[in-house]
Amino acid sequence: MNKKILTALLFAASTVATQAQVYLDPQAPLENRVKDAISRMTTHEKIQVIHAQSKFTSAGVPRLGIRQLNMDDGPHGVREELEWNTWSPAKWTNDYIVAFPSLTCLAATWNRDLSTVYGNAVSEEFAFRGKDIMLGPGVNIQRTPMNGRAFEYMGEDPYLAGEIVVPYIKAAQANGVGCCLKHYVLNDQETDRFAVDVNVSDRALNEIYLYPFKKAVEDAHVYTIMGSYNTYKGVHCCHNDELINGVLKKQWGFDGALISDWGGTTNTWEAANGGLDIEMGSYTDGKLKESEYTYDDYYLAKPFEKLIEEGKIPMSVLDDKVARVLRTIFRTAMNPKKVIGSQCSEAHYDACRAIGEEGIVLLKNDKPKKEKSALLPIDPAKYQKILVVGDNATKSLTLGGGSSELKTLRDISPLEGFKTLYGDKVDYAQGYMSGRAIYDQVDPIDPAKQAALKAEALEKARQADLIIFVGGLNKNHRQDCENGDRESYDLSYGQNELIAELAAIQKNIIVVMFGGNPYSTPWLEQVPAFLHCWYLGSEAGKALVNVVSGKVCPSGKLPVTFAKKYEDYPYMKYGKEAYPGVDKKVYYKEDIYVGYRGFEADKVQPQFPFGFGLSYTTFKYSKPVVSGNTVAVEVTNTGSVEGKEIVQLYVGMEKCSEDRPKKELKDFKKVSLKPGETKTVGFTINRDNLKFFSTKDGAWKFEPGTYRLYLASSSADESHQATIDL
């Protein structure tokens, strides 16, 4: 080419690129930047930014200096770095991180301020690793205790999940790291998750399952949302026109990008017209030579580009997707205020420990026979031989679980925590074996080895004057793990039998359980003390011993209902159609009566009700006082140690034109009280929170009338009531 012509072309290209720097100007209005950038992009460049270019990145526009989006799994920490285009670890030596507690643990704190702490700390680690989008948090409803992925979510109540997720998102995104809220929507089981068609009423869909997503969009302005694998009305939720274009974008005004779950895209036409903005992970091999497909063969790549070029789909559809992706890029990857972040800082370990301490739930704390005080907190002077029993005392609970598996710099196990605190008094017996945390299969266990471990524990128990059993669920397949649900409400590995036999030997026994789901507790009457810990992350051992020793007074409360038996869960009376489904169709026949709503409607007494949790101190509530549109109650710490109480506001309508639960959670506050201290806890009655989705009207509706207010310590506490006319 003639040198003069080449120079002219280069000059022209440079002029176009620099003529108007609006899209590169972070001070310019966002929509002006987006519009300017789109005007400069070719059709092919537009197509490139709406699908993956590697396992966890989507392309930018190099010619225009627009950066790619770097994504990674969360929500409890940054996933280990993988190779550019395989699921194999990249084997970096600088990708060790802090594992934060599971989101069920965060929900169990009932502490909005700690949610802010969590979002800030975890996003700093994502920023430091160069990530723009954190794939999380999750707010799917814990409809069933069998859900293998429920540990990543925030319990059974949509209001609690919505209130806890909003501060997390706000704090993370303030650091320039976008959250990808998941999994939108109805992804409430892992069984047949890629194909199950969820049948649910419009009312339950809106009141229960969509509600926390709506809160995240309207109150936290979440940047991205991940579509789910399952189908609704026969259409995959990653490109479901009704749910994405109709509800998410038009009704709620979501202006960010809808990202597919990895492999969740199944059809070009639906993906193009159904609201999907970024397609990720459609083919697991991507650009590998042995693969039949490349990233350019994705549904939103060449096939979509062809439809655009042929005029079968208007350019406006593509431009809307590109605009949403560009907003995300400008808010994160090209945000000059994005923090540098930090990784494995002591501040992050402190945050991890604080969340864990407040998320631990004390479920029972009685006086053993012939003892003057409750077993907890432990008085070390009373015990000379403390036996810790259980696989979870030493097993890593940050490994396994699926995409939320974490590569940690340090993990403090419960056994390490107890030995640090009580020294040579502590002995250990594994008691049972749980096998390896394999993603897609259950690791076989030798029965003879299992029997030997049990015998060893029972023999050592005869020499101990205090037993601490540390067990529960884990991150193995068919436990708390992606891609498979639990197979039984009972604990695995013979734990129920082992606990009962240990309790028969030694009356001083504390049961400490980990896990993201409820489970049966047939040994409950035999043990004086029982703690549930969810998953506590890297500081598990420290958080646990701080509570057990009394350094920290427990204040967590359940975000889920523990049933006495599996058959008590509300959906169970409807058979397999209600769960796990028949012929890949599942019917939510319990409708809005999920969790505690259903237990109350069915008049079934749970083992531990939603919102329940004990303390090392006691609290007294006064009679509630209603004034105008507010209600208040005085709470007094009547015990001998400082503690935190969670005052929960439940509201029910006396007479309603349509069927409604007896009462529902509508607000809560967590207060710290010194011994003898009294504080007034007040709530403003929010009419918007009292709306229900009318089946008759097909819309949200507030109904005037008399409402009953419950100022309660759990969903089962009805001792402090008042009424208000609205």
Side-chain angles (χ1 to χ4, degrees), residues 23-24 26 37 48-100 118-137 168-169 171-182 222-224 226 256-257 259 262 278 280-281 286-287 295 325-345 347-349 351-352 398 403-409 538:
Y23 75 96
L24 291 176
Q48 290 298 98
V49 303
I50 63 170
H51 65 79
Q53 64 170 359
S54 76
K55 276 288 175 286
F56 284 98
T57 70
S58 60
V61 188
R63 181 179 65 86
L64 298 178
I66 296 174
R67 296 179 182 175
Q68 67 187 33
L69 283 172
N70 299 323
M71 312 175 195
D72 216 332
D73 277 313
H76 310 127
V78 199
R79 187 176 182 171
E80 176 183 15
E81 203 69 29
L82 301 183
E83 291 180 340
W84 178 257
N85 196 47
T86 76
W87 292 111
S88 300
K91 297 182 180 179
W92 287 12
T93 57
N94 61 349
D95 57 348
Y96 293 91
I97 50 83
V98 174
F100 292 88
Y118 195 134
N120 175 68
V122 72
S123 63
E124 286 182 339
E125 301 226 346
F126 272 82
F128 192 76
R129 284 272 299 278
K131 308 303 180 183
D132 306 307
I133 296 178
M134 168 171 50
L135 302 177
Y168 179 115
I169 294 170
Q173 294 188 166
N175 285 337
V177 174
C179 288
C180 188
L181 189 68
K182 59 187 187 183
V222 66
Y223 291 166
T224 68
M226 183 185 293
I259 302 175
W262 271 234
I278 302 178
M280 297 299 295
K287 291 180 179 176
Y295 289 108
V325 175
L326 289 172
R327 287 188 197 110
T328 305
I329 292 172
F330 293 151
R331 287 166 172 163
T332 59
M334 295 178 69
N335 181 353
K337 295 182 180 178
K338 182 177 181 179
V339 301
I340 295 173
S342 59
Q343 188 169 295
C344 296
S345 69
H348 292 175
Y349 285 110
C352 173
T398 59
S403 59
S404 65
E405 180 173 79
L406 296 169
K407 178 181 175 181
T408 54
L409 182 64
S538 292

To the nearest 0.5 Å, what is the distance between [atom1] on [X] and [atom2] on [Y]?
X	Y	atom1	atom2	answer
Met134	His76	CE	NE2	10.5 Å
Phe128	Ile340	CZ	CD1	9.0 Å
Ile259	His51	CD1	NE2	14.5 Å
Ser404	Asp73	OG	CG	8.0 Å

Where do [X] and [Y] come nearest, in terms of heavy atoms and distance?
X	Y	answer
Trp92	Asp95	O-OD1, 3.2 Å
Cys352	Val98	CB-CG1, 4.2 Å
Arg67	Ala333	NH1-O, 2.8 Å
Glu125	Ser345	OE2-N, 4.4 Å
Lys182	Gly74	NZ-O, 4.2 Å
Ala99	Thr398	CB-CG2, 3.5 Å

Side-chain heavy-atom pair [X], [Y] within 4.5 angstrom cut-off:
X	Y	answer
Tyr295	Gln48	no
Ile97	Arg129	yes
Cys344	Tyr349	yes
Leu135	Phe56	yes
Ser538	His348	no
Leu181	Pro137	yes

Between Asn85 and Glu83, a side-chain donor and acceptor under 3.5 Å
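Not at all, the side chains of Asn85 and Glu83 share no donor-acceptor pair under 3.5 Å.
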Among all residues two or more places apart in sequence or in another chain, which pass the side chain to side chain contact (heavy atoms under 4.5 Å, CB included) test with Ile66?
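Result, side chain to side chain contact (heavy atoms under 4.5 Å, CB included) vs Ile66: Tyr23, Ala37, Val61, Leu64, Leu326, Ile329, Met334.
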Could you check Asn70, Val177, Ile133 and say which one makes a side chain to side chain contact (heavy atoms under 4.5 Å, CB included) with Phe126?
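It is Val177, the one option of Asn70, Val177, Ile133 that forms the side chain to side chain contact (heavy atoms under 4.5 Å, CB included) with Phe126.
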Indicate yes or no: does Lys55 engage Glu81 in a salt bridge with an N to O separation below 4.0 Å.
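No.
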Take Ile278 and Leu69, measure what side-chain contact (heavy atoms from CB on, under 4.5 Å) needs, and give me the verdict at the end.
CA-CA 11 Å; Ile278 302 178; Leu69 283 172; 4.0 Å; yes
Using the side-chain hydrogen bond (donor to acceptor under 3.5 Å, both in side chains) rule, pick out the option among Asn175, Asp132, Thr332 that qualifies with Lys338.
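The residue from Asn175, Asp132, Thr332 that satisfies side-chain hydrogen bond (donor to acceptor under 3.5 Å, both in side chains) with Lys338 turns out to be Asp132.
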Is the backbone N or O of Gln53 less than 3.5 Å from a side-chain atom of Thr57, with the two atoms forming a donor-acceptor pair by type?
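Such a contact is absent between Thr57 side chain and Gln53 backbone.
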In terms of the angle between their ring planes, are Tyr118 and Tyr168 parallel, tilted or perpendicular, with boundaries placed at 30° and 60°?
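Rings of Tyr118 and Tyr168: tilted, 30 to 60°.
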